[in-house]
A.B. asks: 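After the structure tokens below, expect a handful of questions from me.
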Amino acid sequence: MKVIFVGKCNSFAVSLVDRFVKQDHEIYIISDTDFTPDLKPIHSYKWYQCKNNDCGLQTIFSSVKPETVVFAGNIYMEETWEYESGSSLYFCNLMNVLNQCAIHAVQKFIFLSSSEVYGCDLRSKTEEALTEPITLKGLLCKQGESLVQEYQRLYSLETVILRMGDVYGFAIKEHQKDFLWNIMNQLYSYKKYQANRNKQYNPVHIRDCVDAILRAKDITPSGLYNVGGAQQFSEEEIATHLRGILGENFKITGIDGEHRAYNIDSGRIKKELEWVCFYEFHSSLSSDNMEVIKAKKEKDKKKLSQSERKYLDYIENISVFLGFGIVMVLIRNHAVLRQLDLMYLYIIIISLFLGLRHSFIAVVLSALFYVFMNGISIFNLSSILVNAQFLLQMSQYLFIGATIGYTVDHYQSVAKEKSSEYEYLMKDYQELSEINDDNTMIKLEYEKRLISSRNSLPKLYSVIQQLTSLEPELIFKEAVHVVEDIMETDSVFVYLMNKKMTYLHLIAGSDNKDIYLSKSINMKDNPEMKEKVMKGEIYIGSQWKEGEPALAAPIMQEDIVIAVIIINKLKFTSLNLYNINLFRTLILLIASSIIKAKKYEEAANNKKYIPDTEILKKEEFEKLLQKRREERAKRAERTERAERTERAERTERTERTERTEREGGDADYCIIQIDLVNNLLETYYKAANLFRNTDYFGTNHKQELFVLLGNTSSEQVVIILNRLKVNDLTAVRIEE
């Protein structure tokens, strides 16, 4: 499961990441800043920098597509909320996150609220109690709960609200400003603390909170749960306990101050989600916070060292000034060296190493030293202001100090920005590197699958082995089955191009009757397809438009179109660039087989045909008829089985109607005999142009002329006989 956590990268987020990843979940964190090097989860996570109102929030949700979103906010873990930039943007950030959850159909949204929505009361509050917040934190959390519930109503967003008590367990060095940090900060700062006896805390450890979130992400009978500790403690008790752990002699004074108590009953979550408050406050504080307290001391030492460093810079500045000043005093009576002004060197050194601020101090000190060396009275201001030499000297000091100091500060600022930019780009690079590794793995996996897939090249070549016949007509029939297998369609047809490049005549097709347009296609009816086909390119049509094929590809021989393979209907999912390229490769392989067969046929024509004609000799014509009879028998058997099944489903249709339909349907082939005019050759030459190039002329032992008409219906036979009659030829249909 993909989980997005919107909040601050602190100890709470560390516990959440480590716990969720152990449960095989992917964690994505949206926060202003990433984890620090000394506070980072053990397990992997993805961090996205996204500020409030950042438009990048939509991009993050689009790329991650989370199932669960946990919203805490950057100020959630703080004890006291004040009206400042963080609290003013809290509600806006919540609304933006909820909006993205609604858009991307997040399965569950978990909102971390606070027990302060109930108001101060010593009585234990259940989830049904009235909400009467008296603090800004309670007020904002109550508004947040209302917003979450409205989004649940409007967008059917499944939501869970967790009202948590006083969360603890953070590292003190985080400056988390939870109640423990506030107390310890007071103890270390003033060595004493005034503890309010009337201020009650309900501590709940961050790991128990994370466990509650982990349970709430699954099935939740209710949408609202209290999550609090097993006991309540006063501020005085907590401060006294901390003093004992620290081993310091802090003075703690108990006072009767303002009443503050948010006692909540966690019975519902314990009953419905089997949640248990595992960490007891005193024992967990002793074990968890010892290293935290040491870190607090080290932090204070670090602060002290930084202050010492600041004062040390001033000491170094004055020391260098005194050193150069002493040298100049010693050489003031030297004839040559007294011309040197070492204050220039002093200003340059200070500007280079300490920056602009200390360069101004160096300029002031150099000016005072100049006044001292030249015996100018500092009390006579008018004499100083009219002293041109002094003003010129001061302007030189100021120019050198300001120029170098500003340059150094600007360089350090740019270097810092570049360093931050470099770190940001490195994080992006690491993320892109991970994405690239994932893509590479996916690519390799698909390559492995492609080798064994049904439309891979090895499969393609194995299917093409079916086109081993040396007879073009048989190759066309096998090509139909090959294209059906590879392209996953049952609507494939092969048309032969006539010599004038004007008509296409059907020669082979799928077993169904879903024929494209007709058995003869006039290329003028579809000029776009004609233009593509004549150029040897694949034509992609609109199969939802009447009279349009899905695909049409030409078979070329010496730049001449000899046939066109047409796919009438194709699955919408199959009409993509990959299948188009696959179809193009398939056509090239089929064309290779057909051209090879054509060349063989041309070489064998002398044996099969009567010289200078396309009339099959007696033996070859009988072989062709025998093949057609066998094909008719097989098709009739399939048709009979299909009709028996159809007849069982349509009992109302009569046998006569079915017989009429069969007789009026398309014939596999038919034979006509043309009466000779003078002789066989003269009759052939007169009738040759009246037939399609898919029709076969043949003769018998009596030297009579016959024509085998393929894919011709009874109505079409009548048209052909009339056409012959118009051209002074007489023919009759031969019934078999």
Side-chain angles (χ1 to χ4, degrees), residues 3 5-8 10-20 23 68-73 75-79 81 94 108-121 123-131 133 135 137-138 140-142 144-145 148-149 158-170 176 178-180 200-233 260-281 284-285 288:
V3 180
F5 173 72
V6 183
K8 196 172 184 180
N10 50 24
S11 298
F12 185 88
V14 170
S15 300
L16 187 140
V17 170
D18 289 337
R19 183 67 186 278
F20 271 69
Q23 300 291 332
T68 301
V69 174
V70 181
F71 182 87
I75 60 173
Y76 176 72
M77 303 302 171
E78 297 181 5
E79 181 184 12
W81 291 9
L94 172 60
K108 181 160 290 187
F109 179 83
I110 301 176
F111 176 65
L112 304 188
S113 184
S114 172
S115 59
E116 294 188 27
V117 298
Y118 292 116
C120 289
D121 197 339
R123 293 173 297 178
S124 180
K125 299 290 185 67
T126 62
E127 289 80 358
E128 289 77 15
L130 294 177
T131 54
T135 63
K137 180 177 182 179
L140 288 177
C141 287
K142 180 181 178 180
E145 290 181 5
V148 170
Q149 291 169 352
E158 187 176 353
T159 62
V160 177
I161 298 173
L162 301 179
R163 292 173 178 169
M164 295 187 178
D166 300 292
V167 183
Y168 74 96
F170 299 95
Q176 192 56 53
D178 62 309
F179 70 97
L180 282 182
Q200 301 289 322
Y201 290 97
N202 187 7
V204 56
H205 199 274
I206 55 176
R207 296 176 186 171
D208 285 330
C209 296
V210 170
D211 183 61
I213 296 172
L214 186 64
R215 295 175 184 273
K217 72 174 179 57
D218 298 322
I219 300 175
T220 49
S222 304
L224 178 63
Y225 296 98
N226 289 335
V227 182
Q231 293 178 292
Q232 275 195 315
F233 301 93
R260 187 270 194 194
Y262 305 104
N263 188 16
I264 56 177
D265 182 6
S266 304
R268 175 181 288 179
I269 191 172
K270 292 178 180 178
K271 180 180 179 181
E272 295 183 356
L273 304 185
E274 299 181 352
W275 176 82
V276 178
C277 183
F278 184 78
Y279 292 89
E280 195 273 329
F281 179 69
S284 60
L285 189 63
D288 288 355

A.B. asks: Please report the interatomic distance CD1(Ile219) to CD(Glu272), rounded to the nearest 0.5 Å.
C.D. replies: 12.0 Å
A.B. asks: Of the non-hydrogen atoms in Phe109 and Leu94, which two are nearest, and what is the gap between them?
C.D. replies: CZ-CD1, 3.8 Å
A.B. asks: Looking only at non-hydrogen atoms, find the nearest pair between Asp208 and Tyr279 and report the distance.
C.D. replies: OD2-N, 3.1 Å
A.B. asks: Could you check whether any side-chain N or O of Tyr76 sits under 3.5 Å from a backbone N or O of Ser113, counting only pairs where one atom can act as donor and the other as acceptor?
C.D. replies: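 The answer is yes, because a donor-acceptor pair under 3.5 Å joins these two groups.
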A.B. asks: Kindly give the heavy-atom pair with the smallest separation between Val117 and Gly138, and that separation in Å.
C.D. replies: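 Reported closest heavy-atom pair: CG1-O, 3.5 Å.
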A.B. asks: Is Arg260 salt-bridged to Glu116, going by a charged N under 4.0 Å from an acidic O?
C.D. replies: yes
A.B. asks: If you look at every heavy atom in Gly267 and Asp265, which pair is closest and at what distance?
C.D. replies: N-OD1, 3.0 Å
A.B. asks: For residues Lys270 and Trp275, report the shortest heavy-atom separation together with the two atoms involved.
C.D. replies: CG-O, 3.1 Å
A.B. asks: If you count every heavy atom of other residues, nucleotides or ligands that lies below 6.0 Å from Glu274 atom CD, does the total exceed 12?
C.D. replies: no
A.B. asks: Say whether, by atom type as modelled, one donor and one acceptor occur between the side chain of Tyr118 and the main chain of Thr126 under 3.5 angstrom.
C.D. replies: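 Such a contact is found between Tyr118 side chain and Thr126 backbone.
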A.B. asks: Ser266 side chain to Gly228 main-chain N or O, any donor-acceptor pair under 3.5 Å?
C.D. replies: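 Here the side-chain-to-backbone pair exists.
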A.B. asks: To the nearest 0.5 angstrom, please state how far the NZ atom of Lys125 sits from the OG1 atom of Thr131.
C.D. replies: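 Rounded to the nearest 0.5 Å, the NZ-OG1 separation comes out at 9.5 Å.
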A.B. asks: Would you give the length of the straight line joining atom CD1 of Ile75 to atom NZ of Lys8, rounded to the nearest 0.5 angstrom?
C.D. replies: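 Here the interatomic distance stands at 10.0 Å.
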A.B. asks: Answer whether the closest heavy-atom distance between the side chains of Arg163 and Leu224 falls below 4.5 Å.
C.D. replies: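 Touching, per the 4.5 Å side-chain cut-off.
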A.B. asks: Within a strict 4.5 Å, meaning less than it, do heavy atoms of the Phe278 and Asp211 side chains meet?
C.D. replies: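 Heavy-atom side-chain distance check fails, nothing below 4.5 Å.
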A.B. asks: Has Trp81 got a side-chain atom pairing as donor or acceptor with Thr135's backbone, closer than 3.5 angstrom?
C.D. replies: no
A.B. asks: Indicate yes or no: at least one non-hydrogen side-chain atom of Leu273 is less than 4.5 angstrom from one of Pro221.
C.D. replies: yes
A.B. asks: Got a second to check how far Ser114's OG is from Glu79's CD, nearest 0.5 Å?
C.D. replies: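 Taking OG in Ser114 and CD in Glu79, the distance rounds to 10.5 Å.
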A.B. asks: Look at the side chain of Asn10 and the backbone N and O of Ala13, then say whether any donor-acceptor pair between them is shorter than 3.5 Å.
C.D. replies: yes
A.B. asks: Answer yes or no: is there a donor N or O on one side and an acceptor on the other, between the side chain of Asn202 and the main chain of Asp166, under 3.5 Å?
C.D. replies: no
A.B. asks: With rounding to the nearest 0.5 angstrom, report the CZ to OG1 distance, Phe71 to Thr159.
C.D. replies: 14.0 Å
A.B. asks: What heavy-atom pair brings Lys108 and Ala216 nearest, and what distance separates the two atoms?
C.D. replies: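 Looking at all heavy atoms of both residues, the closest pair is CD-O, 3.1 Å.
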A.B. asks: Given Glu127, which of Ile264, Asn226, Ile269 fulfils the side chain to side chain contact (heavy atoms under 4.5 Å, CB included) condition?
C.D. replies: Asn226
A.B. asks: Can a donor-acceptor pair be found, under 3.5 Å and without considering hydrogens, that links the side chain of Lys217 to the backbone of Ile110?
C.D. replies: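 Answer holds: no.
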A.B. asks: Can you confirm whether Gln200 sits close enough to Asn263 that some side-chain heavy atom of one is under 4.5 Å from a side-chain heavy atom of the other?
C.D. replies: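 Heavy-atom side-chain distance check fails, nothing below 4.5 Å.
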A.B. asks: Out of the candidates Phe281, Tyr262, Phe179, only one should pair with Tyr201 under the ring pair (Phe, Tyr, Trp, His ring centres under 6.0 Å) rule; please name it.
C.D. replies: Phe179
A.B. asks: Any side-chain heavy atom of Arg19 within less than 4.5 Å of one from Ile213?
C.D. replies: no
A.B. asks: Rounded to the nearest 0.5 Å, how far does NZ of Lys271 lie from OG of Ser222?
C.D. replies: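 If I round to the nearest 0.5 Å, the distance is 10.0 Å.
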A.B. asks: Please check if the side chain of Asp178 supplies one atom and the backbone of Met77 the other of a donor-acceptor pair under 3.5 Å.
C.D. replies: no
